[in-house]
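Notes for the one structure printed next.
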Amino acid sequence: MLVRLLTVGITLSLVALAAPAQDKKDPKEKSDKTAWVREDSGVDLTMEFGKNTLKLSAFNGDNGCILTCKTKTDKDGVISATVTEAVEKGNFPATPKVGFEFSFKWNAKDDTAMLSDLKGEGLEDARGIIEGDYKKKK
C-alpha cells in the first residue's frame, strides 16, 4: 500500500522538471522557481514550480522518484501536467512513465498553498498524501 501511495505521489505533478537547458543567470537575479513542501505518512513531497514546468519529488527515506513535467494553468487555477522525465531513486517499483497526465487545483497565498481536486488515472489512493496544505520552502 505504501509503495502504491508513493508511486501516486511521485506521479503527480505533485510536485520533477524537465525544462530545456537555460542560459546561466547572474547569481544576483532572483530565481523564477518557487518550491513547496509537504510531509504526510512518512512521505516527503516537494513541488518546484517554474514557468510552465513542475518538478515533483516524493520520497520515503532513500526510496522515491523525481518527476519532471510540462504544465498549463487555466483561468480557474487548475494545473494540467504531463510527465516528461521520470527518475527512480532507491527501491521504488512503480515510477510513473513519461507521458503520464494528471491535473490538480492549486491555490497559493503568501507562504501556504492548498492542492486539491487531484485527477489522473490510478491516483485515487494517493489523494490522501498529495492533497492538502503545502508550505513555501525557504
Side-chain angles (χ1 to χ4, degrees):
M1 183 67 156
L2 179 58
V3 171
R4 186 173 186 184
L5 290 175
L6 284 175
T7 303
V8 174
I10 295 174
T11 304
L12 273 183
S13 43
L14 321 193
V15 118
L17 286 169
Q22 299 177 1
D23 294 334
K24 290 187 178 183
K25 292 184 178 182
D26 184 331
K28 296 177 187 172
E29 286 184 36
K30 185 177 178 182
S31 172
D32 60 349
K33 296 178 182 170
T34 304
W36 299 85
V37 295
R38 171 180 170 80
E39 186 280 327
D40 190 293
S41 302
V43 178
D44 294 313
L45 298 166
T46 301
M47 297 178 65
E48 185 178 302
F49 291 94
K51 184 176 181 176
N52 301 317
T53 62
L54 169 66
K55 180 178 182 177
L56 170 65
S57 64
F59 280 87
N60 183 346
D62 293 334
N63 302 312
C65 71
I66 301 169
L67 303 178
T68 303
C69 308
K70 65 179 179 178
T71 63
K72 291 182 189 176
T73 305
D74 72 12
K75 62 182 170 78
D76 296 321
V78 175
I79 297 174
S80 298
T82 303
V83 175
T84 58
E85 181 178 1
V87 178
E88 180 181 324
K89 299 287 185 172
N91 184 17
F92 195 79
T95 301
K97 304 285 186 215
V98 169
F100 180 79
E101 297 178 343
F102 60 96
S103 67
F104 55 93
K105 176 102 177 182
W106 183 257
N107 186 2
K109 183 175 182 180
D110 300 324
D111 290 343
T112 60
M114 169 66 85
L115 188 149
S116 60
D117 298 329
L118 175 63
K119 296 180 182 170
E121 187 176 327
L123 294 179
E124 295 79 14
D125 291 337
R127 284 192 184 109
I129 291 177
I130 297 168
E131 290 184 341
D133 295 325
Y134 287 75
K135 302 273 185 219
K136 188 180 278 188
K137 187 174 181 180
K138 306 237 180 206

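Side chains are part of it too, since the values below use all heavy atoms of this structure and drop only hydrogens, waters and symmetry mates.
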- Mind jotting down which residue pairs meet the salt bridge (Lys or Arg N to Asp or Glu O under 4.0 Å) criterion with at least one end in residues 37-47? Sequence neighbours excluded, please.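 Found R38-D40.
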Nearest-0.5 Å distance that lies between atom [atom1] in [X] and atom [atom2] in [Y]:
X: K119; Y: R127; atom1: NZ; atom2: CZ; value: 8.5 Å
X: N52; Y: K72; atom1: CG; atom2: NZ; value: 9.5 Å
X: C69; Y: F100; atom1: SG; atom2: CZ; value: 9.5 Å
X: I66; Y: S57; atom1: CD1; atom2: OG; value: 6.0 Å
X: K136; Y: T112; atom1: NZ; atom2: OG1; value: 9.5 Å
X: T73; Y: I79; atom1: OG1; atom2: CD1; value: 4.5 Å

Would a distance-only check, ignoring hydrogens and angles, find a side-chain to backbone donor-acceptor pair under 3.5 Å from [X] to [Y]?
X: N107; Y: M114; answer: no
X: T82; Y: E101; answer: no
X: N60; Y: N63; answer: no
X: K97; Y: V83; answer: no
X: E48; Y: K33; answer: no
X: D76; Y: V78; answer: no

- Query: Angle class for the W36/W106 ring planes (parallel below 30°, perpendicular above 60°, tilted otherwise)?
  - Reply: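 Answer is perpendicular, since the angle exceeds 60°.
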Any side-chain heavy-atom pair of [X] and [Y] under 4.5 Å:
X: L115; Y: Y134; result: yes
X: L54; Y: F104; result: yes
X: K89; Y: V87; result: yes

- Identify the two heavy atoms, one from A86 and one from V98, that lie closest to each other, and give their separation to 0.1 Å.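 Heavy-atom minimum between the residues: N-CG2, 4.3 Å.
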- Task: Apply side chain to side chain donor-acceptor pair (under 3.5 Å) to D117 and list each qualifying residue two or more places apart in sequence or on a separate chain.
- Result: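 Partners of D117 under the side chain to side chain donor-acceptor pair (under 3.5 Å) test: none.
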- Task: May I ask you to check whether over 12 heavy atoms, not counting those of D74, lie within 6.0 Å of atom CG?
- Result: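 Yes, CG of D74 has more than 12 neighbouring heavy atoms, counting only those of other groups under 6.0 Å.
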- Passes salt bridge (charged side-chain N to carboxylate O under 4.0 Å, His left out), D111 versus K138? Steps please. CA-CA 9 Å; D111 290 343; K138 306 237 180 206; 2.8 Å; yes
